[in-house]
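This report refers to the structure that appears directly beneath it.
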Amino acid sequence: MSNHEAFTQQSIHSAYMHFERNQWADLRDNVKLTLSEDDISQLQGINESLSMEEVVDIYLPLSRLLNLYVEARQYRHTVRDTFLNSHNDKVPYIIGIAGSVAVGKSTSARILQALLSRWPEHPKVALVTTDGFLRPNKDLVARNLMHKKGFPESFDTKALIEFVSAIKSGQKEITAPIYSHLTYDIIPDKSLQFEKPDIVILEGLNVLQTAGLNDPEQSHRVFVSDFVDFSIFVDADTDLLKTWYIQRFLKFREGAFTDPNAYFHSYSKMSKREAIAIASKIWDEINGINLEENIRPTRDRANLILKKSINHQISQVKLRK
Ligand SMILES: Nc1ncnc2c1ncn2[C@@H]1O[C@H](COP(=O)(O)OP(=O)(O)O)[C@@H](O)[C@H]1O
Ligand SMILES: CC(C)(COP(=O)(O)O)[C@@H](O)C(=O)NCCC(=O)O
């Protein structure tokens, strides 16, 4: 069945076009879409478990689609400038990536950063994670929110909105705070800086959220997503997400064995079985609840949904019509 036939057979009532993995992979029909040895080693450096088949089948077509969207946006600006008879600097195109804790947002974001920066039309691709806008642990403690890290109220959403708004207003030098999974806190006295990127990839749990409206401090009339040009939600079934969370927890724990400053150092002193029990409890009491209450409800606002199955393989792609 051709891709065109596949679309026309789909429900006209759905807001999305659905692609099975092989249908999506077929959309990579462009000569530019090959990987050099350098690309492969760069991508393998992102994540040793990442398969190149995944990059070729899923992320290359996705980078082609995003390139077309960015070009279309750049063209629209040229049209506006022609009308105004003026020249205005390009503002960065913002791609948002949302999804559960441990679904692979930051891995997907880094793959897209590597692939999108190969296109001559937009070589400067910056990557920002919204974790940097979590309140520092001392503020979370003061607000009794340490058990709510990742929930809407644990972020300084006002600062995040000001940040994306500054990017879109064409501000030249941009800075953002940085979160460390190693210290489990915002890194003091350090910030991410970038200058006039062509694309900003903004990755985080809360990219599509309009929540937090019950909290007067968080009641905004504008949302982060108002500044996002194209949004992607990475999804997977909850049992897989829990497994990936526990696996990542064990990886952080292994990395912390020799580093007494690592937040996970105390977990390295207990048995693997105890560590699994703790990770499972953190998932059930924090991240799993956050997923159901605040993250998955934002899925259907995304322009594109990537559904993962076992081993992080993307099995289905949905693109908003
Ligand atoms: N495409 C992938 N292939 C293999 N492993 C992956 C892939 N994406 C993520 N992972 C693994 O899943 C875990 C969570 O990924 P991560 O990118 O840290 O998620 P998030 O940023 O959504 O919390 C990590 O252990 C990471 O190595
Ligand atoms: C920092 C986070 C909120 C965001 O996670 P990410 O999606 O970036 O992996 C999360 O990793 C987290 O620390 N959640 C709180 C509970 C816990 O896992 O310790």
Side-chain angles (χ1 to χ4, degrees), residues 21 43-59 62 96-115 127-137 140 145-156 160 177-187 201-209 232-236 240-256 262-264 266-267 275 278-291 294-296 298 306-315:
R21 185 185 169 92
L43 290 159
Q44 274 163 346
I46 291 175
N47 188 322
E48 63 201 17
S49 335
L50 174 67
S51 86
M52 285 308 117
E53 197 188 347
E54 193 68 5
V55 175
V56 170
D57 286 356
I58 304 296
Y59 291 95
L62 181 53
I97 305 186
S100 166
V101 170
V103 71
K105 297 179 299 301
S106 68
T107 305
S108 300
R110 292 173 68 200
I111 299 168
L112 284 177
Q113 181 186 32
L115 296 179
L127 175 53
V128 183
T129 135
T130 69
D131 295 357
F133 293 88
L134 280 165
R135 298 180 192 281
N137 286 352
L140 293 176
L145 288 175
M146 267 310 264
H147 57 297
K148 292 266 175 165
K149 200 182 256 196
F151 282 61
E153 57 271 34
S154 67
F155 287 94
D156 184 349
L160 176 59
I178 306 174
Y179 181 77
S180 161
H181 281 280
L182 184 77
T183 60
Y184 200 68
D185 202 353
I186 298 296
I187 307 179
I201 302 178
L202 180 69
E203 166 269 299
L205 312 170
N206 53 346
V207 164
L208 287 167
Q209 277 172 9
I232 301 172
F233 189 96
V234 190
D235 198 19
L240 281 176
L241 291 167
K242 181 171 176 176
T243 313
W244 298 338
Y245 175 74
I246 295 173
Q247 283 167 355
R248 189 179 69 178
F249 187 98
L250 294 176
K251 247 196 261 178
F252 284 154
R253 172 180 168 269
E254 264 161 43
Y263 173 78
F264 279 75
S266 59
Y267 298 128
I278 288 187
S280 173
K281 191 168 145 63
I282 297 175
W283 176 269
D284 292 341
E285 293 178 0
I286 306 180
N287 298 318
I289 295 177
N290 195 16
L291 168 64
N294 303 305
I295 303 170
R296 199 172 276 133
T298 69
L306 297 173
K307 178 77 194 275
K308 284 186 167 184
S309 61
I310 197 144
N311 292 332
H312 287 271
Q313 264 222 348
I314 288 166
S315 53

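Quick caveat, the model's predicted, so the values are computed rather than measured. Start at 1 and go down the list; that is how both ligands and their atoms are numbered.
Checked by distance only, ligand 2 and N287 come closer than 3.5 Å through their nitrogen or oxygen atoms. Remark: ligand 1 and A102 share an N or O pair separated by less than 3.5 Å (distance only, no angle test). Considering backbone and side-chain atoms together, S100 places no N or O closer than 3.5 Å to any N or O of ligand 2.
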Is there a side-chain contact (heavy atoms from CB on, under 4.5 Å) between I286 and V101 once you walk through the steps?
-> CA-CA 10 Å; I286 306 180; V101 170; over 6 Å; no
Run the numbers on N137 and K149 for side chain to side chain donor-acceptor pair (under 3.5 Å), then give the verdict.
-> CA-CA 9 Å; N137 286 352; K149 200 182 256 196; 3.0 Å; yes
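Shortest contact from atom 1 (N) of ligand 1 to any protein heavy atom: L50 CD1, 3.7 Å. The nearest heavy-atom contact from the protein to atom 26 (C) of ligand 1 is N47 ND2, 3.5 Å. Among all non-hydrogen protein atoms, the one lying nearest atom 8 (O) of ligand 2 is D131 OD2, 2.7 Å. For atom 21 (O) of ligand 1, the closest non-hydrogen atom on the protein side is S106 N, 2.9 Å. Protein heavy atom nearest atom 17 (O) of ligand 1, with residue, atom name and distance: T107 OG1, 2.6 Å. If you check which protein heavy atom lies closest to atom 19 (O) of ligand 1, you get G104 N, 3.0 Å. Scanning the protein heavy atoms around atom 11 (O) of ligand 2, the nearest turns out to be H181 CE1, 3.4 Å. Of the protein's heavy atoms, K251 NZ, 3.0 Å lies nearest to atom 25 (O) of ligand 1.
Per-residue contacts place G150 under 4.0 angstrom from the following atoms of ligand 2 (heavy atoms of the residue considered): 3 (C). In summary, the atoms of ligand 2 found under 4.0 Å from a heavy atom of I282, numbered by their order in the structure, are 16 (C), 17 (C), 18 (O), 19 (O). Close approach of ligand 2 to R248 is summarised as follows: ligand atoms under 4.0 Å from at least one heavy atom of the residue are 9 (O), 11 (O). Which parts of ligand 2 touch Y184 is read off a 4.0 Å heavy-atom cut-off, strictly below it: atoms 13 (O), 15 (C), 16 (C), 17 (C), 19 (O). Every atom of ligand 1 with a heavy atom of S100 under 4.0 Å away is listed here by number and element: 22 (O). Under a 4.0 Å criterion applied to the non-hydrogen atoms of V101, ligand 2 contributes the atoms 5 (O), 7 (O).
Between L134 and S154, the closest heavy-atom pair is CD2-OG, 3.4 Å. When all heavy atoms of R21 and E53 are compared, the pair lying nearest together is NH2-O, 3.9 Å. Residues D284 and K242 come closest through the heavy atom pair OD1-NZ, 3.0 Å. Scanning all heavy atoms of the two residues, the minimum distance from A98 to V207 falls at CB-CB, 4.2 Å. Listed here is the closest heavy atom pair of F155 and F151: CD1-O, 3.4 Å. Heavy atoms only, all atoms of each residue included: N290 and G150 are closest at ND2-O, 2.7 Å.
Between Y267 and F249, the ring planes are tilted. Angles from 30° to 60° get that label. The aromatic rings of Y184 and F264 sit perpendicular, their planes meeting at an angle over 60°, well past the 30° parallel limit.
Formation of a donor-acceptor pair under 3.5 Å by the Q209 side chain with backbone atoms of T298 is not found in this model. No donor-acceptor pair under 3.5 Å is formed between the side chain of D131 and the backbone N or O of Y179. Judged by distance alone, with hydrogens and angles left aside, the side-chain atoms of S100 form no donor-acceptor pair with the main-chain N or O of V103 at under 3.5 Å.
Across the listed options E285, M146, K105, H147, K105 owns the non-hydrogen atom lying nearest to atom 6 (P) of ligand 2. Comparing H312, R248, K308, H181 against atom 12 (O) of ligand 1, the shortest heavy-atom distance belongs to H312.
Contacts of Y179 with ligand 2, taken as heavy-atom pairs under 4.0 Å, involve the side chain alone. Contact annotation: for L205 versus ligand 2, heavy atoms closer than 4.0 Å belong to the side chain alone.
Distance check for atom 2 (C) of ligand 2: every protein heavy atom is found at 4.0 Å or beyond.
Residue contacts with ligand 2 leave out W283, since none of its heavy atoms falls under 4.0 Å from the ligand. Residue contacts with ligand 2 include Y245, since one of its heavy atoms falls under 4.0 Å from the ligand.
For the side-chain contact (heavy atoms from CB on, under 4.5 Å) with W283, the lone residue among L291, I289, T243 that qualifies is L291.
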